[in-house]
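No hydrogens, no waters, no symmetry mates; every other heavy atom, side chains included, goes into these values. In what follows, chains carry the letters A, B, and so on, assigned in the order in which the sequence lines appear, proteins first and then strands, with residues in each chain numbered from 1.
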Number of protein chains: 2
Amino acid sequence: MSNLINISEAASLALHGLVFIAKNQPSRINVKVLAEELNASQTHLAKVFQKLGKANLVRSLRGPAGGFELNKPAEDITFLEIYEIIDGEIILGDCPLGKNHCVFKSCIFDNELNRISQDIYETFSKMKLSEFS
Amino acid sequence: MSNLINISEAASLALHGLVFIAKNQPSRINVKVLAEELNASQTHLAKVFQKLGKANLVRSLRGPAGGFELNKPAEDITFLEIYEIIDGEIILGDCPLGKNHCVFKSCIFDNELNRISQDIYETFSKMKLSEFS
DNA sequence: GCTATTTAGGTACTTAAATTCCTAAATAAG
DNA sequence: CTTATTTAGGAATTTAAGTACCTAAATAGC
């Protein structure tokens, strides 16, 4: 079984978790509760949100009554931004598979695959957290 | 750095290798030559073609002058078929991330991501080996 | 037939990514 | 100020993909 769009479990957790937090604004939400709500691994979710915090997408507060909350308006947070923080920067190059060298003089998959890559990129950049909250 | 479309190195080898073979029909091509042509790992390529052979997409002949050749017309081989042999079957379900359970009652990414998944699926099923040979 | 070549297929190794575990640091509440 | 709670961050583990290695089986050419 395979997934056509390349989204890691971590990025999926980030996406779903942030939507949930956006929905529940302005309350702070801690990882334990969020993991229960998302039916997800608490430790993994914690790591993911650590990254989101480092990237200043969310702010965190430790201790009792601590947790995470959005660090900017939901309408200013795109899926592209979230995706790139977790899974790494997207580079839309000549090769849709991200290779530097290819035997074939011009990329044989160029037309089809680059169109799709472009489409995904644009779609991600248009999807805002606010649409779901 | 991240790749938006989920295609493994192995599937990429299969795709490129088969295009090369299709281009050079009706000659048989052996793994050593193919690896040189594709600038790829010979052992990995061998394993990939073993799979393609088992799936009857190519037929093989051992011994000197041996190698691989297409087992059916290039216009009857789609990228979807190749992709699924190597990376596994694609299931276009409700969840674009292939999960069984989701907290959100209806998939919040449904509209956008399923449209893209569908698009990739259809594009792959329309891309035939013969287009490149 | 003998030999060299080439695929088949199992096993083992390597590497990178994903995930979990554990301890430290912060902080709210009593 | 003490305790319980919660995030931070490093280390360790797990998993999956890719790669290498080795022996067996097939076969073409001499």
Nearest-0.5 Å distance, CG of residue B/L18 to CD1 of residue B/I29
10.5 Å
Write out a two-atom table: protein N or O, nucleotide N or O from nucleotides 16-22 of chain D, distance below 3.5 Å.
| residue | atom | partner | partner atom | Å |
| --- | --- | --- | --- | --- |
| D/dG18 | OP1 | B/E9 | N | 2.8 |
| D/dT19 | OP2 | B/H44 | ND1 | 2.6 |
| D/dA20 | OP2 | B/T43 | OG1 | 3.1 |

Rounded at 0.5 Å granularity, tell me how far CG in B/L52 sits from CG in B/L70.
10.0 Å
How close do B/N6 and A/I5 get, heavy atom to heavy atom, and via which atoms?
CB-C, 4.2 Å
Looking only at non-hydrogen atoms, find the nearest pair between B/A55 and B/I85 and report the distance.
CB-CD1, 3.5 Å
Within the structure shown, what part of the strands sits under 4.0 Å from A/F68 by heavy-atom distance: base, sugar-phosphate, or nothing?
sugar-phosphate
To the nearest 0.5 Å, what is the distance between OG on B/S117 and CD1 on A/I120?
8.0 Å
Using a cut-off of strictly less than 4.0 Å between a heavy atom of the residue and any atom of DNA chain D, enumerate the qualifying residues of residues 21-30 of chain A by number.
A/N30
Could you list where the contact with chain B starts and ends along DNA chain C, reading 5' to 3', using a 4.0 Å heavy-atom cut-off?
C/dA4 to C/dT11
Can you tell me how far apart CD1 (B/I82) and CG (B/L57) are? Round to the nearest 0.5 Å.
6.0 Å
Salt bridge (charged side-chain N to carboxylate O under 4.0 Å, His left out): pairs with one or both residues in residues 69-82 of chain B, sequence neighbours excluded
B/R28-B/E69, B/R59-B/E69, B/K72-B/E81
Residues passing the ring-ring contact (aromatic ring centres under 6.0 Å, His included) test with A/F79, sequence neighbours excluded, are A/F132, B/F109
Inter-residue atom distance A/H16.NE2 - A/I21.CD1, 0.5 Å rounding:
13.5 Å
Contact class for B/G67 (heavy atom, under 4.0 Å): base, sugar-phosphate, or nothing?
sugar-phosphate
Once ring-ring contact (aromatic ring centres under 6.0 Å, His included) is applied, what residue pairs with a partner in residues 34-58 of chain A remain, sequence neighbours excluded?
A/F49-A/F68
Residue met sooner reading DNA chain D from 5', once A/G63 and A/K54 are mapped to nucleotides:
A/G63
